There are 2 protein chains.
Amino acid sequence: MKYGQGWEPKPVDWSSTRGRILLAASVLFAQRGYFGTSTRDIAEAVQIRQPSLFHHFQAKHEIFRALVELDLGPSIDRMNQRFEEQSSWAEKLHLSIAYDVREILVQPFDARGLYQDAVLALEHFESERQGIALFHDQVERVIEAGRQSGEFVALDPSFVQRAINGVLFETLREQGGPAGPMRHERPLQAADFVVRSLLVDQSRLAAIRAATGTRLHQLEPAAST
Amino acid sequence: MKYGQGWEPKPVDWSSTRGRILLAASVLFAQRGYFGTSTRDIAEAVQIRQPSLFHHFQAKHEIFRALVELDLGPSIDRMNQRFEEQSSWAEKLHLSIAYDVREILVQPFDARGLYQDAVLALEHFESERQGIALFHDQVERVIEAGRQSGEFVALDPSFVQRAINGVLFETLREQGGPAGPMRHERPLQAADFVVRSLLVDQSRLAAIRAATGTRLHQLEPAAST
DNA sequence: GTCTATACGGGGATAGAC
DNA sequence: GTCTATCCCCGTATAGAC
């Protein structure tokens with residue numbers, strides 16, 4: 001299993017040819033989808049000839065895979081960090097959502113084209129499907145634990161996990177990818193929206209929000225490097 | 001403008017060849033995406049030869065367009081009905097969400113492949129994009145009105161509209177299309193999740209939920225015909 | 001309304017020179 | 001590491017017989 005246990009993708013030099021291929025491909029995947037993007041399109045965007053792509057990646061699907069790793073790996077890693085912290089489940093969940101939203105809005109590549117069922121269903125992406133499932137499990141575990149501790153109302157964890165997913169993804173769609181204008185309030189709004197719906201005692205939200213704000217400030221975005 | 005003003009798509013005889021093409025195509029679009037589905041695939045699923053498709057639809061994108069109309073048209077129409085009713089904004093929103101979730105889970109075709117930005121960006125789908133924008137406007141109007149009346153907390157209507165979208169869509173993904181096992185509690189759960197997060201006075205939720213339950217029972221699913 | 005035959009463009013990927 | 005040339009498959013769509 002590739003994902004989990006502190007695994008992180010190697011950092012990418014975004015100015016290298018390989019990095020520029022990844023950036024351009026992510027934008028095209030987001031705009032036209034994986035199947036709607038040809039290797040010729042990608043090559044043209046990077047200003048190289050189409051066969052030169054295959055020097056950097058063995059196949060088209062390896063470009064896609066690299067992008068999923070870059071997005072998903074750190075996300076799983078962050079969630080593992082939340083588990084190790086001493087904080088309430090509501091705080092963990094709130095910080096996770098806000099952090100994920102900020103990272104996805106700030107990172108240099110466009111993640112909108114990456115989590116399409118139709119693409120991930122391809123045979124090549126078995127380990128990516130596993131990674132996604134792992135991430136979903138992590139989220140569900142927080143929801144479930146929060147419910148058992150009495151912090152959250154009783155709601156199907158799998159439903160909540162999917163709702164969070166939907167909120168996260170739509171926030172990215174709204175921004176129109178990393179190129180779009182950053183809505184700086186979105187990370188906290190998204191986290192508030194979900195946690196407000198889950199909390200038994202809603203008067204705690206203000207304090208939780210404040211804690212997340214402080215932590216987010218400390219944890220500088222890694223992606224801007 | 002095709003959508004709006006009481007417009008509704010013509011009913012489909014799902015046992016006709018045309019209907020079977022629509023059903024099969026919707027499933028394939030959901031599983032492999034629009035670009036990942038060939039007209040050969042569709043024809044094979046319907047047990048006819050590939051060129052015979054073109055007797056029923058002028059082009060591949062006309063099949064897709066017909067499916068979007070079948071899903072989106074009734075949805076817009078239902079929202080218009082909510083506007084004409086005498087009820088609070090919270091009730092309108094709650095009923096809309098629950099109703100939409102139920103319909104999307106119950107209708108015979110699979111809507112999961114229909115709202116992909118990469119596909120809708122194609123030139124052919126201008127009127128579909130307009131229809132989707134119209135629906136989003138309707139939702140935002142309810143959010144905005146509810147906030148002004150003091151029923152809802154202050155949250156960016158466009159953010160909330162997207163969150164609702166995400167929840168709706170993820171609920172469908174969870175079920176795995178119309179073929180999957182229906183979670184009968186999902187319509188009310190989804191509506192609860194959103195409205196709970198929006199309501200200023202959360203003690204109203206139980207009453208709102210009860211009202212939606214009654215109305216939903218009266219409004220039999222149209223799609224099962 | 002469905003078929004066979006076929007046109008024609010575009011797709012991913014490889015070979016091999018520089 | 002990038003190029004040109006090229007292979008070969010698969011895609012949508014049309015023509016025209018039955």
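Every chain is numbered from 1 and lettered A, B, ... according to where its sequence line falls, protein lines coming before strand lines. Here the structure is a predicted model, which is why all the values come from computation and not from measurement. Excluded from the calculations below are hydrogen atoms, water molecules and symmetry mates; all remaining heavy atoms, backbone and side chain alike, are included.
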* Asked: Charged N to carboxylate O below 4.0 Å: is that the case for A/E91 and A/R82?
  -> no
* **Contacts of type ring-ring contact (aromatic ring centres under 6.0 Å, His included), residue B/H136, not counting sequence neighbours** => none
Give me, pair by pair, the N or O atoms of the protein and of nucleotides 8-11 of chain D that are less than 3.5 Å apart, along with how far apart they are.
residue	atom	partner	partner atom	Å
D/dG11	N7	B/R40	NH2	3.0

* Set of residues satisfying ring-ring contact (aromatic ring centres under 6.0 Å, His included) with respect to B/F169, sequence neighbours excluded -> none
* Asked: Which stems does DNA chain D form, counting runs of 3 or more consecutive Watson-Crick or G-U wobble pairs with both distances under 3.5 Å?
  -> C:1-18 with D:1-18
* By side chain to side chain contact (heavy atoms under 4.5 Å, CB included) - contacts of B/F57 (at least two apart) -> B/R18, B/I21, B/L22, B/E62, B/I63, B/A66
* Using a strict 4.0 Å threshold on nitrogen-to-oxygen distance, state whether A/D156 and B/R186 make a salt bridge. => yes
* Structure fact -> Outer limits of DNA chain C sitting under 4.0 Å from a non-hydrogen atom of chain A, read 5' to 3', are C/dG11 to C/dT14
* Structure fact -> Hits for ring-ring contact (aromatic ring centres under 6.0 Å, His included) against A/Y34, two or more places apart or cross-chain, chain-then-number order -> A/F29, A/F64
* Structure fact -> By ring-ring contact (aromatic ring centres under 6.0 Å, His included), A/F135 pairs with (sequence neighbours left out) none
Mind listing the side-chain donor-acceptor pairs of residues 115-125 of chain B below 3.5 Å, one per line with the distance, residues two or more places apart or on another chain?
residue	atom	partner	partner atom	Å
B/Y115	OH	B/D71	OD2	2.7
B/Q116	NE2	B/R112	O	3.3
B/D117	OD1	A/R173	NH2	2.6
B/D117	OD2	A/R173	NE	2.9
B/D117	OD2	A/R173	NH2	3.4
B/H124	NE2	B/H61	ND1	3.4

* With a cut-off of under 6.0 Å to the ring centre and 45° to the axis, is A/R215 in cation-pi contact with A/Y99? -> no
* Heavy-atom contacts under 4.0 Å between residues 44-58 of chain B and DNA chain D, which residues? -> B/Q50, B/P51, B/F54
* Stepwise salt bridge (charged side-chain N to carboxylate O under 4.0 Å, His left out) check, B/E85 with B/K92 -> CA-CA 8 Å; B/E85 290 172 358; B/K92 287 191 209 307; 5.8 Å; no
* **Test side chain to side chain contact (heavy atoms under 4.5 Å, CB included) applied to A/S52 - qualifying residues, sequence neighbours left out** => A/I48, A/R49
* Name all residues meeting the side chain to side chain contact (heavy atoms under 4.5 Å, CB included) criterion together with A/A133; count only those two or more places apart in sequence or in a different chain, and write none if there are none. => none
